[in-house]
Amino acid sequence: MLKRTERQIFCYDLIIGARAQHATPPSLQALYDAWKDMFDAGTCSHEREKGAVIYRIGDMDIDVGNNVARILLRRCDTNAANAVYSHRHTGTPRIVPQQPEEGGDRAAHLVVSLRNEANKPSSYLCHLEGVPGLSHRLVQATLNAVLKKAIQAQKDRFVYPDPGGARLRNGDPKTTPFTPTLELVGHPSASLIQHLEAGRLHDVRLIDQRPHSRLGGNQFLVESEKQIKIKVDPNIPSQNRVQNLIAAFQSKQADYQKAKVRFTDPNGISRTIDYDIATGTPEQQSYIQSYRVTGVNPPMDESSERIVPALANDMKARVIAERS
């Protein structure tokens, strides 16, 4: 539940990639400029669930002097139930009905350094406000979708020179358009490392979630995933256990996309954590490094049309302080 005067903020690296073999990933500033063009044009939305849920960039700004950008991501869910409030003494409820074409709205702030991390030219520190329905996966998908719209509007926005040095008839270098991609890679929390290294591992499952064939040729029975189960030796060393697990997962990333680790933490509580194998990022936000911003004033609503300075300024200061 979101509280009016505090928010939990999660720490990620924004990694820029390029699917084309010979393309160099552009700077985050170049991606920001593409998002800003779509924002200014009013075409910065991304529909999911057959149009019932719409994600969009609600606001954005840039601090040129400090090389930091702030982006407000919003989610409109037309399937959401009406909001209901009740009087704390009498219990009398007050229902706030949705109007036609409206949906429940939530917003999350993303604050990102435009200066890359040391020795990591395509990696940028960012902090994301924790808001249900606006996970790092959904924020990532929205920013990638808006980026694709920008490229459709300007196909030569991102290009790379012909690797063979070919030129056009007028002598200009021949270039090929490409589409950059971005991923949010979480910083594992200290509690995750402590739980896995001091706890007891039970087993690991590697999961292939790509589309598979129909079972027995039956059009109504389609294989949704394939798994292999890995037995964990109880004598597995505790030191660097997380790094060693991720390295082992990634040795099989050509065949599997997800790893599921079942373990008992040092307090005897049974837990399961899911990893994205390609990035080594825990899917559960509770295991991402985070901090809490308290005393937000004026108090915040679940959503906002514009960036909320009371929160975003605190996040920006921390990004500036923490980046390498």
Side-chain angles (χ1 to χ4, degrees), residues 1-16 27-29 31-32 35-36 39 57-75 106-140 142-143 182-194 242 279-324:
M1 181 181 69
L2 296 175
K3 295 185 177 181
R4 300 186 67 203
T5 60
E6 63 183 57
R7 289 291 193 271
Q8 196 76 15
I9 311 301
F10 296 88
C11 305
Y12 292 87
D13 289 323
L14 189 154
I15 310 295
I16 302 175
S27 67
L28 182 54
Q29 178 68 63
L31 267 60
Y32 179 91
W35 295 325
K36 186 64 164 58
F39 175 73
I57 296 175
D59 194 15
M60 58 194 307
D61 64 20
I62 191 169
D63 180 341
V64 176
N66 285 306
N67 280 325
V68 176
R70 307 186 302 182
I71 302 174
L72 183 71
L73 284 303
R74 291 175 56 194
R75 180 182 195 264
R106 287 187 170 178
H109 292 78
L110 176 70
V111 178
V112 58
S113 170
L114 295 175
R115 191 178 74 196
N116 61 281
E117 291 294 279
N119 302 315
K120 297 179 180 179
S122 298
S123 179
Y124 302 82
L125 176 67
C126 65
H127 290 181
L128 175 64
E129 177 187 359
V131 174
L134 281 162
S135 68
H136 77 283
R137 286 283 182 206
L138 294 168
V139 168
Q140 174 182 299
T142 300
L143 293 176
L182 67 93
E183 287 186 305
L184 293 178
V185 179
H187 297 187
S189 68
S191 63
L192 170 61
I193 296 172
Q194 195 268 339
V242 174
T279 64
T281 301
E283 293 292 342
Q284 288 89 337
Q285 206 169 44
S286 59
Y287 277 129
I288 298 296
Q289 180 183 327
S290 68
Y291 59 90
R292 187 176 295 273
V293 177
T294 60
V296 178
N297 189 32
M300 296 175 62
D301 297 322
E302 282 196 347
S303 189
S304 171
E305 187 177 1
R306 296 287 178 250
I307 290 169
V308 179
L311 176 66
N313 288 343
D314 189 295
M315 295 172 64
K316 182 174 77 170
R318 291 178 187 253
V319 166
I320 293 171
E322 291 176 18
R323 67 186 174 188
S324 61

With a 4.5 Å cut-off on side-chain heavy atoms, are [Y] and [X] touching?
X: L2; Y: V131; answer: yes
X: L73; Y: L143; answer: yes
X: R70; Y: D63; answer: no
X: Q8; Y: R292; answer: yes
X: N297; Y: P299; answer: yes
X: Y32; Y: S27; answer: no
X: L184; Y: T281; answer: no
X: S191; Y: Y287; answer: yes

Might you point out which heavy atoms bring [X] and [Y] nearest each other, and give the distance in Å?
X: L192; Y: P282; result: CD2-CG, 3.6 Å
X: S304; Y: R74; result: O-CD, 3.4 Å
X: V68; Y: V111; result: CG1-CG1, 3.6 Å
X: S189; Y: S286; result: OG-O, 4.4 Å
X: R306; Y: G58; result: NH1-O, 3.4 Å
X: M60; Y: I57; result: SD-CG2, 4.0 Å

Approximate separation, where rounding is to 0.5 Å, of [X] [atom1] and [Y] [atom2]:
X: I62; Y: L114; atom1: CD1; atom2: CG; answer: 4.5 Å
X: S135; Y: R75; atom1: OG; atom2: CZ; answer: 9.0 Å
X: C126; Y: D13; atom1: SG; atom2: CG; answer: 7.0 Å
X: L182; Y: I15; atom1: CG; atom2: CD1; answer: 10.0 Å
X: I71; Y: T142; atom1: CD1; atom2: OG1; answer: 11.0 Å
X: Q285; Y: F10; atom1: CD; atom2: CZ; answer: 4.0 Å

query = Would you say the side chains of S123 and E117 form a donor-acceptor pair under 3.5 Å?
reply = no

Residue E305 excluded, over 12 heavy atoms near CD under 6.0 Å = no

task = Examine distances only and state if a side-chain atom of R115 and a backbone atom of N67 form a donor-acceptor pair shorter than 3.5 Å.
result = no

message = If we ignore hydrogens and angles and just use 3.5 Å, is the side chain of E129 paired with the main-chain N or O of H109 as donor and acceptor?
response = yes

query = Do H136 and Y12 make the cut of ring centroids closer than 6.0 angstrom?
reply = yes

query = Passes side chain to side chain contact (heavy atoms under 4.5 Å, CB included), L311 versus I9? Steps please.
reply = CA-CA 10 Å; L311 176 66; I9 311 301; 4.2 Å; yes

